[in-house]
Amino acid sequence: MKIAYLINQYPAISHSFIRREIQALERQGLSVARYAIRPAGYGISSAEDDEEAAQTRYIVSGRKGEIIYSLLATVARRPVASLKAFGATLKMGARSEAGLVRHLFYWAEALVVAHWCRADGITHLHAHFGTNSATVAMLAAMLDEERTFSVTVHGPEEFDKPGLISLPEKIKSAAFVAGVSSFGVSQLRRHADFDDWDKLAQVHCGIERSFWEGAPAKQFGSKTFVSVGRLAEQKGQMTLVRACGLLKERGRTFSLRLVGDGELRGPLEAAITDLGLKDSVQILGWKTPTQVREEILKARAFVLPSYAEGLPVSIMEAFSLNTPVISSYVAGIPELVRPGENGWLAPAADEEALADAMADCLDASEQKLAEMGRAGKARTLERHDMDTIAAQLARLFRPYAAPTDSAPEKPIPNADQRSVEEEAA
């Protein structure tokens, strides 16, 4: 079987779970073409991501001629379908926060992707995230009767603005829609007709054995906490920094290492200075998967006090390394983190409760922490083994995927491409 994955930015250091998913599908025997709107905007990459980038075809980055050829070829081949997709684009763009002009770019990108699919013999597109990549996938599917699309919706962005991103229409048009947790599926059901509930599937994100196999024995003598994630309001790092301020007021000895970067770095650095935490709290920026693994292994516990989530892969990574987790009662997190069994949960945005949980972790014996870490790993491997999840996805793709030996058209030259969007900018 062969399919294509369409992602907005790929490969990204914060989206290594997509790379793991694609590679696990290939171990299942699927052939997966990688399409992306643009390369990732992060200034760091891993060797694994560099290998993926070499296999990925991009719309934004290169020669204008090939883009124009793809646009004209699709319009010439499917003029009525192109007009139908254009009408759908106008309808979505008129009510979206992205606006009509940006949606016209999505339409143009869909024409390019449709041409790639035809050249590569692809009959099914799968998008990660229900935002712009899903819009392009849906429009590309409209351009050929034999093509279908599906999408994995993570949240929280999709659930914050379902009408603005036409989420109900995407569910209606898709072959299937995956939610990464039971909570995620419940949110999809809110925006799906009852008749479409059967196309909603719970498909977890996963962890590969290579991430945790061969890791040294976990030690709990450290008083260091680690948090990994984009520095953004939804991840709750400001609450975490303020909780650290409370711990300092209580006279507790500890340190916190924040792995990641983002729009809140400046405000977080200011808060660290204002609270007198410069000796205790460090912002490390983005790290490679290997470096993240090392940070988690050195930490007493992993902390992620999110305000809004799907189900963070970083929690799975921490658990796979026998590390207890402190997080919040948000979205799918309680489906994995069990208070008293493998970690602690605090109400979102409750600095006192978060500080209490961190203090409990500091006071816990090494034996107790080791037991919690083992329980977290067992639950993670039971629910989030990447190869088991890939087998589930392969079953979902099977009715729509093209046979691997189907003959594609003459391949498009693998030339640099400059999208219409980039040209307009």
Side-chain angles (χ1 to χ4, degrees), residues 3-8 18 37 81-111 113-114 117 123-205 234 307-311 330-332 335 393 396-397 399-400:
I3 60 171
Y5 264 47
L6 176 65
I7 306 114
N8 180 30
I18 300 177
I37 308 300
S82 297
L83 284 174
K84 179 182 176 182
F86 186 75
T89 299
L90 295 178
K91 184 177 179 181
M92 288 188 291
R95 65 168 177 263
S96 77
E97 65 176 359
L100 182 58
V101 173
R102 185 169 292 275
H103 273 74
L104 293 177
F105 295 143
Y106 298 160
W107 175 73
E109 290 162 356
L111 295 172
V113 170
C117 286
T123 60
H124 186 78
L125 272 169
H126 185 71
H128 261 278
F129 305 104
T131 48
N132 60 323
S133 56
T135 301
V136 175
M138 182 173 69
L139 294 172
M142 291 181 182
L143 294 165
D144 279 292
E145 294 177 357
E146 70 274 12
R147 187 171 304 120
T148 54
F149 84 100
S150 54
V151 58
T152 296
V153 174
H154 293 260
E157 288 89 351
E158 298 99 328
F159 306 139
D160 289 344
K161 50 186 179 184
L164 296 178
I165 62 169
S166 300
L167 183 60
E169 290 83 354
K170 290 170 181 172
I171 295 173
K172 175 64 68 176
S173 301
F176 69 87
V177 179
V180 298
S181 64
S182 179
F183 172 83
V185 173
S186 77
Q187 299 308 292
L188 291 171
R189 285 188 173 190
R190 292 177 58 203
H191 305 292
D193 293 339
F194 293 146
D195 291 343
D196 289 329
W197 279 18
D198 287 344
K199 67 168 65 173
L200 305 179
Q202 184 178 166
V203 182
H204 293 142
C205 294
Q234 70 192 50
Y307 300 161
E309 277 293 355
L311 183 53
V330 164
E335 298 172 33
L393 272 170
L396 290 170
F397 288 137
Y400 313 104

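These figures come from a predicted structure and were not determined experimentally.
Atom OG1 of Thr135 sits about 5.0 Å away from atom NE2 of His103, to the nearest 0.5 Å. Rounded to the nearest 0.5 Å, atoms OG (Ser96) and OH (Tyr106) are 7.0 Å apart.
A donor-acceptor pair under 3.5 Å is formed between the side chain of Trp107 and the backbone N or O of Ser82. Between the side chain of Arg147 and the backbone N or O of Leu125 there is no donor-acceptor pair closer than 3.5 Å. A donor-acceptor pair is defined here as one N or O able to donate and one able to accept, closer than 3.5 Å; no such pair exists between the side chain of Gln234 and the backbone of Pro156. At least one donor-acceptor pair under 3.5 Å links the side chain of Lys199 to the backbone N or O of Ala174.
Listed by chain and residue number, Phe397, Tyr400 satisfy the ring-ring contact (aromatic ring centres under 6.0 Å, His included) test with His124 (two or more places apart in sequence, or in another chain). For Glu158, the salt bridge (Lys or Arg N to Asp or Glu O under 4.0 Å) test picks out no residue, with sequence neighbours left out. The side chain to side chain contact (heavy atoms under 4.5 Å, CB included) check on Ala178 picks up Thr152, Val203, with sequence neighbours excluded. Partners of Tyr5 by ring-ring contact (aromatic ring centres under 6.0 Å, His included), not counting sequence neighbours, listed by chain and number: His126, His128. Residues satisfying the salt bridge (Lys or Arg N to Asp or Glu O under 4.0 Å) criterion with Glu157, sequence neighbours excluded, are Arg230.
Residues His154 and Cys205 form a side-chain contact, since some pair of their non-hydrogen atoms from C-beta on lies under 4.5 Å apart. For the pair Asp198/Phe176, no side-chain contact is recorded, criterion being any heavy-atom separation below 4.5 Å from C-beta on. Using a 4.5 Å heavy-atom cutoff, the side chains of Leu139 and Met92 are in contact. By the 4.5 Å heavy-atom criterion applied to side chains, Leu188 and Phe159 are counted as neighbours. Using a 4.5 Å heavy-atom threshold, the side chains of Ile18 and Phe129 count as touching.
The salt bridge (charged side-chain N to carboxylate O under 4.0 Å, His left out) pairs that include a residue from residues 161-187 are Arg95-Glu169, Glu97-Lys161, Lys172-Asp193, Lys172-Asp196, where partners are two or more places apart or lie in different chains.
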